[in-house]
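A short worksheet on the structure shown next.
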Amino acid sequence: MSDSLPLSPRISDLARAAAPLPDYLRGLNPEQREAVETTEGPLLVLAGAGTGKTRVLTTRLAHILATGKARPWELLAVTFTNKAAREMRERITHLIGPSAEGLRWLGTFHSIAAQILRRHAELVGLRSSFTILDTDDQERLLKQLMEAEGIDTKRWTPRTLASLVDHWKNRGWTPAKLPGTEDFANGKAKSLYAAYQNRLKTLNACDFGDLLLHNLTILSEHADIAEEYRRRFRYILVDEYQDTNVAQYLWLRLLTSSTGNVCCVGDDDQSIYGWRGAEVDNILRFERDFPGAKMVRLERNYRSTGNILGAASGLIAGNRDRLGKTLWTEDEGGDKVRVRGVWDGEAEARLIADEIETARKTGLKYKDMAVLVRASFQMRAFEERFVMLAIPYTVIGGPRFFERAEIRDAHAYLRLIQSEDDDLAFERIVNVPKRGIGDTSVQKILHLARTAGISAMAAVHRLIESDELQARTRTALAGFARDLHRWRTLASDTPHPQLTEVILEESGYTDMQKADRLTGQTRLDNLKELVQAMQGFDSLQAYLEHVSLVMEMERASGDDSVQIMTLHGAKGLEFPLVFLPGWEEGVFPSQRSIDEKGEKGLEEERRLAYVGLTRARRDARISFAANRLVYGRWTAQMPSRFVDELPIDNVQPESETGYYGAAPSARQVQDRWSEGTTFGGGYDSPGWKRAQQRATSGSAQRTPPIDGVARRIESPATAAPSGQWSRGERVFHQKFGYGRIQGIEGNKLRVAFDKAGEKKVIDSFVEKA
DNA sequence: GATTAGGAAATTTTT
DNA sequence: TTTCCTAATC
């Protein structure tokens with residue numbers, strides 16, 4: 001592509017001719033080189049899946065540094081995730097050595113915005129020590145405000161308001177700039193938003209959205225400050241540009257100088273966070289937004305085979321709003337993408353589990369395989385099956401470490417010790433563990449705090465002196481205050497990990513967890529992990545700052561296990577073999593996406609499908625079920641429209657799947673379905689519908705009813721009668737080993753395992769020992 | 001102030 | 001079906 005461009009006598013061209021090619025430029029293809037060497041002016045790099053995006057990004061930074069165009073601290077490089085930032089830093093260090101440490105402004109949008117905000121906090125009414133609230137704190141705060149307004153928080157949930165506020169902040173709207181009115185709580189949303197922002201100021205806190213929003217206020221109202229940053233950042237680099245929201249876009253505009261050395265890298269076909277405020281438009285409009293912008297397309301794919309690429313490209317071609325690009329690969333051919341219909345969700349899990357074992361025999365490792373689902377509720381079927389067959393697996397995603405209740409409780413203690421004014425932390429743990437300080441007392445404390453304009457802890461001190469509370473409550477509060485005081489004194493000369501241990505012990509938190517036989521052990525383990533994680537930080541302050549911005553924990557990876565994750569979670573990853581189950585209307589594309597966002601929502605779903613397919617290096621396998629158990633009800637499913645949209649040439653429909661439990665009628669339908677000259681369409685046939693009707697005619701049962709046709713039954717879950725267990729009995733479990741039954745609830749057993757601690761397991765997964 | 005029973009909801013989630 | 005949250009009861 002660059003070959004066909006008219007050659008302009010640029011300095012870099014001359015330099016290129018004169019000097020030998022630096023090592024780091026070797027091995028780049030012409031487009032990649034162009035993306036690296038076009039350092040001046042606005043540049044959009046459209047990087048298709050698997051085209052070496054990260055390599056280009058890091059090489060570009062290295063190039064700018066190596067050629068002396070800028071020093072490390074004059075570069076602004078923004079990513080979306082901490083993981084991406086970390087990876088970029090590592091790879092640059094690999095390229096240019098330790099001087100990469102000088103890249104002060106390489107980080108996520110939020111961490112860089114937080115840095116800037118700390119320097120100018122007073123301009124938006126905060127102190128530079130402000131705390132960053134997470135979504136849970138945010139919702140609790142909003143709930144208080146709503147209750148103070150007498151709003152029915154069942155009819156209008158704090159969560160809905162939180163997402164509204166988030167939405168507004170994503171668009172860069174302060175309460176004053178908010179256009180129009182909302183239906184929410186009879187038009188009170190706007191005033192609630194204003195009240196919330198005020199409350200945040202008194203708490204010296206801000207939420208995630210504020211980090212960007214306050215930056216916008218500062219940069220647009222203080223020209224001198226904006227100018228200072230524009231001069232500082234000589235080169236700007238933005239990763240995943242397709243996922244930026246309006247606020248981030250405005251932020252970039254404010255930081256981009258007139259020389260406009262801004263390079264945005266992204267792929268409009270991989271924009272999958274629209275529901276979180278991402279604007280594909282940002283990338284589609286780039287050339288208009290940054291006059292004189294160049295565009296480089298990276299279209300050579302180094303990851304997938306021709307068939308996978310063909311299937312993905314054919315599918316995404318159905319989207320209208322895209323810049324368009326044609327991925328190609330030298331690795332033509334490869335296996336076709338297999339598409340199979342199965343009877344139900346269980347059959348799908350069985351099929352995939354069996355194929356995992358088969359693939360393993362051909363030399364693939366478990367960790368080379370991934371199951372990518374649309375929504376997390378689909379994961380359970382696979383987990384159950386994998387446990388049964390002892391296939392090691394890892395669920396990526398799930399509840400995040402720092403969001404677990406016990407971790408947040410521990411943090412609340414630490415926050416309250418660090419700053420007595422942290423009312424949210426106070427509220428969270430005044431009565432955790434139970435100290436006999438009930439809801440009414442807490443409300444009294446908070447009321448006094450609010451009316452007197454003091455912190456909750458200050459209110460506590462006052463109330464201890466007064467007689468407004470019962471003597472018993474006063475004693476409890478005094479005890480709590482005394483503990484806090486003691487810990488705070490201790491904090492000055494105790495390393496923070498030990499401090500945390502002391503607090504958890506002395507507060508009775510550990511004992512409280514020990515008393516919980518069900519989840520206590522897991523939680524205590526998590527707390528241990530927390531103390532471990534704290535070791536890596538110089539101070540409590542540094543640690544707390546870190547966790548507020550980094551919601552994830554370094555995952556211990558490296559073990560050989562099948563990865564189960566959502567399609568969203570899979571972005572940026574690749575696997576030799578990828579399973580894509582649940583391609584059914586309503587599931588994928590998700591009905592809700594379509595209901596809420598119509599055609600736009602559908603296009604985003606299609607991009608999600610594209611992301612899923614392009615994760616595969618050698619082999620992608622799509623499946624769909626005729627029947628699925630959704631919230632305990634059997635639902636007839638139609639194959640996803642995306643199945644139809646796959647180009648027939650790259651796809652291999654399989655009809656041998658009857659073995660996996662489909663009734664003949666369903667198999668016939670599948671045969672018909674796969675026979676069509678245009679791919680798909682067959683599910684309109686009477687046979688498919690009949691099969692579905694039969695399935696739905698019965699209400700909730702373990703399997704969809706099949707008239708008189710034997711299906712392959714091998715699941716102990718269906719075979720094993722329950723009620724054969726008794727408490728105290730010794731059992732063996734594939735994954736957790738030996739243990740003793742503590743309790744029985746229906747088909748679930750509470751088992752204290754010798755090694756793995758107490759777990760709830762399905763009875764069919766254990767055998768008598 | 002703690003326990004329990006009933007009812008509504010149930011995507012995706014980089015910070 | 002399960003899970004979480006609120007309201008009613010001890």
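Residue numbering restarts at 1 for every chain, and letters A, B, ... go by the order of the sequence lines. Every heavy atom of this structure was used, including side-chain atoms; hydrogens, water molecules and symmetry mates were not.
- Between Tyr273(A) atom OH and dT11(B) atom C1' the separation is 12 Å, expressed in whole Å.
- In this model, the phosphate group of dT6(C) is approached by a side-chain N or O of Lys143(A) to a distance below 4.0 Å at OP1 or OP2.
- For dC4(C) and dT11(B), the P atoms lie 12 Å apart once the distance is rounded to whole Å.
- For Tyr249(A) and Trp251(A), the gap between ring centers reaches or exceeds 6.0 Å.
- Rounded to an integer number of Å, the gap from Glu604(A) CD to dT11(B) P is 17 Å.
- Using a 4.0 Å cut-off, no side-chain N or O of Asn82(A) falls inside it from OP1 or OP2 of dT14(B).
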Next on the checklist: Before you tell me yes or no, could you show the steps for Tyr196(A) and Asp207(A) under side chain to side chain contact (heavy atoms under 4.5 Å, CB included), namely the whole-Å CA-CA distance, both residues' side-chain angles and the distance that decides it to 0.1 Å?
Outcome noted: CA-CA 11 Å; Tyr196(A) 171 68; Asp207(A) 60 27; 2.8 Å; yes
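- Residue-to-nucleotide proximity on DNA chain B shows that, of Phe109(A) and Arg472(A), the 5′-proximal contact is made by Arg472(A).
- Remark: the Arg276(A) side chain and the dT13(B) base include no donor-acceptor N/O pair separated by less than 3.5 Å.
- Atom CE in Met565(A) sits about 18 Å away from atom C1' in dT11(B), given to the nearest Å.
- Taking atom CZ of Phe377(A) as the reference point, atom P of dT12(B) lies 8 Å away to the nearest angstrom.
- One atom, CZ of Arg607(A), and another, P of dT11(B), lie 21 Å apart when rounded to the nearest Å.
- Atom CZ of Arg633(A) is separated from atom C1' of dT2(C) by 14 Å (rounded to the nearest Å).
- Between Arg385(A) and Glu346(A), no side-chain nitrogen of the basic residue sits less than 4.0 Å from a carboxylate oxygen of the acidic one, so the salt-bridge criterion is not met.
- For Ala375(A), the listed nucleotide lying nearest its side chain is dT11(B); candidates were dT13(B), dT11(B), dG1(B).
- The aromatic ring of Tyr631(A) sits over the base of dA10(B), with ring centres less than 5.5 Å apart and planes tilted by under 30°.
- No side-chain donor from either of Asp344(A) and Gln637(A) sits under 3.5 Å from a side-chain acceptor of the other.
- Put simply, NZ on Lys169(A) is 18 Å from P on dT15(B), counting in whole angstrom units.
- Side chains of Gln270(A) and Tyr610(A): no donor on one and acceptor on the other come within 3.5 Å.
- Here Ser590(A) lies in heavy-atom contact (under 4.0 Å) with a base.
- Heavy-atom nearest nucleotides on DNA chain B were determined for Leu211(A) and for Asn431(A), and the one closer to the 5' end corresponds to Asn431(A).
- For Asp137(A) and Arg140(A), the salt-bridge test passes: some basic side-chain N is under 4.0 Å from an acidic carboxylate O.
- Checking dT15(B), dT2(C), dT12(B) against every side-chain atom of Arg380(A), the shortest atom distance belongs to dT2(C).
- Separating the CD atom of Glu384(A) from the P atom of dT2(C) is a distance of 10 Å, rounded to the nearest angstrom.
- Within the nucleic acid shown, Ile437(A) comes within 4.0 Å of sugar-phosphate atoms alone, with no base atom in reach, counting heavy atoms only.
- Using a 4.0 Å heavy-atom criterion, one finds that Gly209(A) contacts no nucleic acid atom at all.
- Note on Lys434(A): only backbone sugar-phosphate atoms sit closer than 4.0 angstrom, heavy atoms only; bases stay farther off.
- Applying the 4.0 Å criterion to OP1 and OP2 of dT15(B), one finds that Thr135(A) has every side-chain N and O outside that range.
- Among the nucleotides dT11(B), dT13(B), dT15(B), the one closest to the side chain of Ser593(A) is dT11(B).
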